[in-house]
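The structure appears below as structure tokens.
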Amino acid sequence: MYSERIRLASLHDRIMSAAQAAALIEDGMTVGMSGFGGAGDAKAIPLALVERAEGAPLRINLITGASLGRGLDGLMAEAGLLARRMPFQGDPLLRRAINAGDVMFIDQHLSEVVEQIRDGHIPTPDIAVIEAVAITEQGHIVPTSSVGNSASLALMARQVIVELNLGCNPLLEGLHDIHIPEDRPDRQPIPLVRVDERIGTPAIEIDPAKIAAIVICDTPETAYPMLPPDNETQAIANHLIGFFEREVASGRLAGNLAPLQVGVGSIANAVMHGLIESSFSDLTLYSEVLQDSAFALFDAGRLGFASGCSITLSEDCGRRVFADLGKYRDRLVLRPQEISNHPEVARRLGIIGINTALEFDLYGNVNSTHVGGTRMMNGIGGSGDFTRNARLAIFVTKSVAKDGAISSVVPMVGHVDHTEHDVDILVTEQGLADLRGLAPRERARAIIDNCVHPDYRAALEDYFARACERGGQTPHLLGEALSWHLNLEERGHMLKAG
């Protein structure tokens, strides 16, 4: 019955129910699961584990590529299933459990996760649960809409559970490029010099004897809620397009720019939509998550090729793209995240990294993870992998949030994910600050003049002027540096009343 999807006949007798397969996972185990940005995640096994955890003590350490879809992280957190979770998440219920200290969350650079497993810094998975569109004649696993850490988790784990999702378009087979770096110290350079190159295999080449169970499901891919572009995101896009046009005119960028990396989320996605009306063509993407904007750029004739490690789309876009995958298939490749996010490759290709900030400060330090300096939002994800190694490191955000109660530009960020040394360009709907070649006081001037919302500009000007009177290479008033965050916590607004 499943011979077209499970092409190694000897594996047919390993088909079982999700509950039977989930019984292989024991209390205290480290479990690796496929999934990156809500794409390609296992869907049946997590629910079976939740059901078990509600009836008996069951706690696991969970490693994925990034966030899971369909509310699975939240369901597992509510069931008390998660003891540890790494390296990224995006679920409000899991976020609450993390900030309450109920789940130990390890926030990691996404390119480093499997390296840390190889080095013994993170436990090797006992079992890996991998969603697949097919199993080849050799017993190799063909992933679905993401690769993430799936390949290395499957190769390292003692046993593998395959979720064969019949709801996934079989044309996904052939889209993947699985390259695993050699062990150190004899590792060779990653032989990737163009975005459209393929350097690996189309499937995860594991020993089929490791496949302990195959669970059949027919579950549509997760739809990712995506806010449409608005006037503010269009203004951010316009500032960025104007900057790119000036870079091309100066000869610092070619007419098709450089390979673009775009962070996850509605703001970055909406900004990329702005490129549809630009003059740029033959663009390339070398990124993690390929979102709606990538396919809008394909359809507009602006994008030539896209490399990522997952495809995460809104409901309408996903229905259209996955139903007509052949239209895009020759212009796409999905790689493991340690390749898509690898510092060596990002530096070699000279990418332009466009990521979203929660907040940034006077001198260009960026916080992308913690609200109020203490409460985890989602995680650093791959932004650090790209920012430090980008040809141009760009961060975008709206200048205010919560109806103006929060300024995204503050005297000092409450948590630093990306230091001023790594950040080149900051953009809000107010304008663009080019920080290249500027000393700290010059950076502050550029940020105040270009990025700050008018409601906060006078207060930031006052802070900066008084800090400069005190002196220092990077002037600050340490007694006031985090006062805006304290005002927000105590009064609900970053500025003092009156």
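For clarity, every value in this text was computed on a predicted model and none was experimentally measured. These numbers come from the heavy atoms of this one structure, side chains and all, not from hydrogens, waters or symmetry mates.
- Checked for salt-bridge contact, Glu247 and Arg252 meet the test: a charged N lies under 4.0 Å from a carboxylate O.
- Between the side chains of Glu429 and Ser399, a donor-acceptor pair is found at a separation under 3.5 Å.
- Ionic pairing of Arg85 and Asp91 is not present here: no N-O contact between side-chain nitrogen and carboxylate oxygen is shorter than 4.0 angstrom.
- In summary, Glu221 and Lys43 engage in a salt bridge, as defined by a charged side-chain N under 4.0 Å from a carboxylate O.
- Put simply, the side chain of Leu257 reaches to within 4.5 Å of the side chain of Leu283, judged on heavy atoms.
- To the nearest 0.5 Å, the span separating CD on Glu232 from NZ on Lys398 amounts to 4.5 Å.
- Residues Asp230 and Thr233 have side chains that bring a donor and an acceptor to within less than 3.5 angstrom of each other.
- A side-chain donor from one of Ser368 and His418 sits under 3.5 Å from a side-chain acceptor of the other.
- At most 12 non-hydrogen atoms from other residues, nucleotides or ligands lie less than 6.0 angstrom from CG of Asp403.
- Put simply, CG on Leu438 and OH on Tyr363 are 13.0 Å apart, with the number rounded to the nearest 0.5 Å.
- Among residues two or more places apart in sequence or in another chain, the salt bridge (Lys or Arg N to Asp or Glu O under 4.0 Å) test is passed with Asp107 by none.
- Neither side chain, Arg302 nor Ser278, offers a donor N or O lying under 3.5 Å from an acceptor on the other.
- For the residue pair Ser314 / Asp292, a side-chain donor-acceptor distance below 3.5 Å is found, with atom types taken as modelled.
- Contact record, Gly274 with Ala237: CA-CB, 3.9 Å, taken as the closest heavy-atom pair.
- Using modelled atom types and a 3.5 Å distance limit, the side chains of His415 and Asp417 yield a donor-acceptor pair.
- Side-chain contact check for Ser340 and Glu288: no donor-acceptor pair (N or O, by modelled atom type) lies under 3.5 Å.
- Atom OH of Tyr286 is separated from atom CZ of Arg348 by 9.0 Å, given to the nearest 0.5 angstrom.
- Heavy atoms from other residues, nucleotides or ligands lying under 6.0 Å from CD of Glu344 number more than 12.
- Judged purely by distance below 3.5 Å, without hydrogens or angles, the side chains of His109 and Glu115 never pair a donor atom with an acceptor atom.
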Derivation and outcome, salt bridge (charged side-chain N to carboxylate O under 4.0 Å, His left out), residues Asp177 and Arg335:
CA-CA 5 Å; Asp177 186 54; Arg335 311 183 193 275; 3.0 Å; yes
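- Inter-residue side-chain proximity for Gln261 and Ile352 is flagged as unmet; no heavy-atom pair is nearer than 4.5 Å.
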Can Thr144 and Glu131 be said to form a side-chain hydrogen bond (donor to acceptor under 3.5 Å, both in side chains), step by step?
CA-CA 6 Å; Thr144 57; Glu131 185 182 68; 2.5 Å; yes
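- No side-chain heavy atom of Glu173 sits under 4.5 Å from any side-chain heavy atom of Pro202.
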Test Glu359 against Asn367 for side-chain hydrogen bond (donor to acceptor under 3.5 Å, both in side chains), laying out the working first.
CA-CA 5 Å; Glu359 63 179 2; Asn367 171 18; 3.1 Å; yes
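- Here the straight-line distance linking atom CD of Glu112 with atom CG of Asp385 works out to 6.5 Å at 0.5 Å rounding.
- Open room surrounds CZ on Arg388; 12 or fewer heavy atoms of other groups in view lie less than 6.0 Å from it.
- Counted within 6.0 Å of CD on Glu197, heavy atoms from surrounding residues, nucleotides or ligands total more than 12; the atom is thus considered enclosed.
- When all heavy atoms are compared, the tightest approach of Asn341 to Gly382 is ND2-CA, 3.5 Å.
- A donor-acceptor pair under 3.5 Å is formed between the side chain of Asn450 and the backbone N or O of Ala446.
- The CG atom of Leu75 lies 7.5 Å from the CG atom of Leu93; values are rounded to the nearest 0.5 Å.
- A donor and an acceptor atom, one from each side chain of Gln116 and Gln108, are located under 3.5 Å apart.
- Using a 4.5 Å heavy-atom threshold, the side chains of Met86 and Phe105 count as separate.
- Between His176 and Val333, every side-chain heavy-atom pair lies at or beyond the 4.5 Å cut-off.
- Under the 4.0 Å criterion applied to side-chain N and carboxylate O atoms, Arg95 and Asp73 are not assigned as salt-bridge partners.
- In this structure, Asp196 and Arg331 have side chains that are not in contact, with every pair of non-hydrogen atoms separated by 4.5 Å or more.
- Checking side-chain atoms of Ser145 against main-chain N and O of Gly40 turns up a donor-acceptor pair under 3.5 Å.
- Using modelled atom types and a 3.5 Å distance limit, the side chains of Glu338 and Ser111 yield no donor-acceptor pair.
- With a 4.5 Å cut-off on side-chain heavy atoms, Arg194 and Phe305 do not count as touching.
- The side-chain contact (heavy atoms from CB on, under 4.5 Å) with Gln430 is formed by just one residue from the set Leu432, Thr428, Val427; it is Thr428.
- Between Val103 and Arg84, every side-chain heavy-atom pair lies at or beyond the 4.5 Å cut-off.
- Residues Arg118 and Ser152 share a closest heavy-atom pair of NH2-OG, 3.6 Å.
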